[in-house]
Amino acid sequence: MTFTYAPGWAEPLFILFLFFLGLCFGSFLNVVIARVPEGLSIVRPGSRCPKCGHVLSWYENIPVLSWLGLRGKCRGCGMPISPRYVLVELLTGLLFLACLKRFDWAYPLVPALVLVCLLVPLTFIDLEHWILPLSLTVPGIVAGIVLAIPLGQDAVVNAVVGASVGFLTFRFMEYVGWKVFKKEALGGGDKFLVALLGAFLGWQSLLGILFFSSFQGAVVGVVMLALTGRAGPRGEEEKVDPSKASSEEEAEEPPSTMTWEFTKPGLPWWKRVALVIPCLLFQDIPDVTLDEETGEEQWEPEATNIPFGPWLALAGLEIMLLGPWLSRVFPVEVAMMLGGTQ
Ligand SMILES: [Zn+2]
């Protein structure tokens with residue numbers, strides 16, 4: 001059962017409203033991105049400048065417009081406000097419109113918007129901190145299953161099977177990585193994100209998500225590795241002290257075998273190409289040290305490591321938003337594998 005509502009003559013107003021709603025949710029997602037990794041409340045206190053603590057008044061808190069009005073600077077201390085805030089707001093607004101284009105004013109629009117509001121913060125948190133917080137992924141899995149209820153029994157079964165199969169597949173890959181390659185395969189949070197995507201998009205989408213995410217992640221990872229010497233963003237330690245990489249201590253550390261093989265000069269190109277995928281998928285076993293103050297695990301990404309979360313999120317959005325289009329451009333067998341026939 002699906003519910004559809006045709007707004008008729010007022011449709012432009014509804015579309016504008018949905019875009020504005022997306023900007024407002026994006027504004028809230030900025031708070032989630034900044035505070036969840038720090039373990040802070042997302043409700044209190046109100047928005048403030050992360051540099052000087054200046055409390056934002058209502059007119060400094062309007063999505064996009066305030067940033068433009070303030071010319072990207074805090075009114076308290078004059079320090080620049082990261083353009084990421086505007087980027088997240090605009091991205092969320094545009095993704096809301098893309099969901100409307102895909103699902104029209106029907107019930108499936110609701111879970112689609114909720115999924116966007118989960119994937120946007122998870123992507124930006126993973127890019128910055130290399131983590132996918134369980135406080136976002138686990139409630140997200142539950143939400144995906146609950147939101148399938150109005151769509152009927154089949155949809156709920158697809159969601160539960162999708163979450164379980166997604167989780168177990170990645171758990172299995174982790175296990176194989178440890179046992180066979182003696183590498184940490186994928187980050188520990190990835191299996192929860194795959195479960196989340198499986199819950200929202202059904203088990204039919206999983207193969208396509210795996211294919212799209214690893215293909216795009218590998219291609220961009222290799223290009224970035226060639227251009228910048230890194231397949232993913234830097235870790236927090238390296239960001240604090242950029243001179244550390246060139247210090248002698250660092251140079252003495254023997255590189256791990258697989259990373260070494262990949263970067264070794266004079267390697268035939270076909271061997272380099274063959275090593276790309278295992279290098280990106282199976283990350284080196286980290287020398288985990290515990291932080292003395294917090295007792296948390298410390299881990300620094302190596303040059304060949306890639307945060308998989310953003311690629312999974314992108315693949316999920318592609319499958320969800322481009323589903324019918326994929327089934328037109330691909331032969332029907334491929335489209336079925338990619339979960340694009342709906
Ligand atoms: Zn400030």
Side-chain angles (χ1 to χ4, degrees), residues 16-97 113 116-137 139-140 189 228 230 232-246 291-301 307 309-310 313:
L16 211 61
F17 172 75
L18 190 75
F19 182 62
F20 184 67
L21 197 71
L23 294 181
C24 292
F25 271 86
S27 187
F28 172 70
L29 295 179
N30 273 315
V31 179
V32 173
I33 293 166
R35 294 190 189 174
V36 165
E38 314 286 338
L40 301 172
S41 162
I42 50 172
V43 188
R44 285 162 176 278
S47 298
R48 49 185 68 215
C49 167
K51 279 146 194 154
C52 69
H54 167 71
V55 180
L56 301 187
S57 48
W58 66 268
Y59 60 86
E60 290 169 280
N61 224 341
I62 304 164
V64 184
L65 295 179
S66 292
W67 192 83
L68 292 176
L70 296 165
R71 290 190 183 80
K73 290 198 178 88
C74 167
R75 214 164 58 95
C77 62
M79 289 290 281
I81 306 166
S82 167
R84 188 191 73 195
Y85 287 87
V86 184
L87 181 73
V88 168
E89 286 163 358
L90 284 175
L91 180 69
T92 312
L94 291 175
L95 283 174
F96 271 34
L97 291 186
L113 298 182
V116 165
C117 288
L118 287 162
L119 293 182
V120 167
L122 283 168
T123 296
F124 282 87
I125 291 172
D126 200 19
L127 282 175
E128 188 171 352
H129 301 276
W130 290 79
I131 51 165
L132 294 166
L134 294 182
S135 54
L136 290 176
T137 46
T228 69
R230 290 197 67 90
R234 292 181 179 282
E236 271 151 59
E237 301 255 307
E238 291 171 86
K239 265 183 285 185
V240 176
D241 187 4
S243 64
K244 202 184 139 202
S246 58
D291 188 279
E292 284 172 22
E293 283 170 31
T294 60
E296 284 171 8
E297 288 183 359
Q298 298 274 301
W299 171 80
E300 283 306 314

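Each residue takes its place number in the sequence, starting with 1. Both ligands and their constituent atoms are indexed starting at 1 by order of listing.
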What's the separation between atom CZ in Phe17 and atom CZ in Phe96, rounded to the nearest 0.5 Å?
10.0 Å
Identify which one of Leu91, Thr92, Leu97 satisfies the side chain to side chain contact (heavy atoms under 4.5 Å, CB included) criterion when paired with Leu95.
Leu91
Please round to the nearest 0.5 Å and tell me the distance separating atom CD1 of Ile62 and atom CZ of Phe20.
8.0 Å
dist Met79:CE -> Cys74:SG (nearest 0.5 Å) comes out at 9.5 Å
Separation of Asp126 CG from Ile33 CD1 (nearest 0.5 Å):
12.0 Å
Just the protein N/O/S atoms under 2.8 Å from the Zn ion (ligand 1), please, no waters.
Cys49 SG, Cys52 SG, Cys74 SG, Cys77 SG
Once you round to the nearest 0.5 Å, how far does CG of Asn30 lie from CG of Leu87?
9.0 Å
